[in-house]
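The next block holds one structure in the form of structure tokens; read it before the comments.
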Amino acid sequence: MQSRKIDSYIGFAVRSGSVIWGLDELLAAKKRVYLIMRDADMGGSSARKADRKAQSENIPLLICKSGEIARAVHKENVKLIALTSNELADAILRSDKSGIITEVESE
């Protein structure tokens with residue numbers, strides 16, 4: 001149940017244009033980012049860059065179970081998204097308290 005709710009929030013973010021796709025776009029982003037979600041099996045160097053970005057700018061980071069992000073956005077090989085909507089980011093963080101989509105708790 002919770003996973004479907006989170007999928008809905010991610011879908012709303014995609015449809016409203018509140019998603020930054022991938023690490024390169026995240027690192028170049030001019031918009032304020034409220035949540036970073038990355039796949040647990042993201043490559044080591046890329047994962048470290050995403051983690052550093054989250055830590056240096058105090059952005060919550062969710063490390064999602066392998067394949068969950070791609071499944072939620074209905075696109076293959078998506079390993080990282082970032083949300084630019086504060087409301088949707090908060091909703092996802094509140095909904096994932098039970099660890100439905102994450103392997104590691106948010107920081």
Within-4.5 Å side-chain heavy-atom neighbours: [X] and [Y]:
X	Y	value
Ile10	Val19	no
Met42	Leu23	yes
Glu57	Val33	no

Quick check: are there more than 12 heavy atoms from other residues, nucleotides or ligands sitting under 6.0 Å from CG of Asp41?
-> yes
Enclosure of Lys49 NZ (heavy-atom neighbours >12, cutoff 6.0 Å) | no
Can you tell me how far apart [atom1] ([X]) and [atom2] ([Y]) are? Round to the nearest 0.5 Å.
X	Y	atom1	atom2	value
Ile81	Arg38	CD1	CZ	13.5 Å
Met37	Ile6	CE	CD1	7.0 Å
Tyr34	Asp90	OH	CG	9.5 Å
Lys31	Glu25	NZ	CD	10.5 Å
Ile36	Ile20	CD1	CD1	8.5 Å
Phe12	Ile92	CZ	CD1	10.5 Å

Nearest atoms (heavy-atom pairs only) where [X] meets [Y]:
X	Y	result
Leu83	Ala89	CD2-N, 4.1 Å
Ser95	Lys5	OG-CD, 3.5 Å
Ala50	Leu80	CB-CD1, 3.6 Å
Ile63	Ala40	CG2-CA, 3.7 Å

CA sep, side-chain torsions, deciding dist, call: Thr84, Ser18, side chain to side chain contact (heavy atoms under 4.5 Å, CB included) = CA-CA 5 Å; Thr84 59; Ser18 300; 3.6 Å; yes
Under the side chain to side chain contact (heavy atoms under 4.5 Å, CB included) rule, what do Val14 and Trp21 come out as? Steps first, then yes or no, please.
-> CA-CA 10 Å; Val14 169; Trp21 300 90; 4.0 Å; yes
Can you check side chain to side chain contact (heavy atoms under 4.5 Å, CB included) on Asp7 and Arg71, steps first, answer last?
-> CA-CA 9 Å; Asp7 288 351; Arg71 186 189 57 74; 2.8 Å; yes
So, Asp39 side chain and Gly67 main chain: donor-acceptor pair closer than 3.5 Å or not?
-> yes
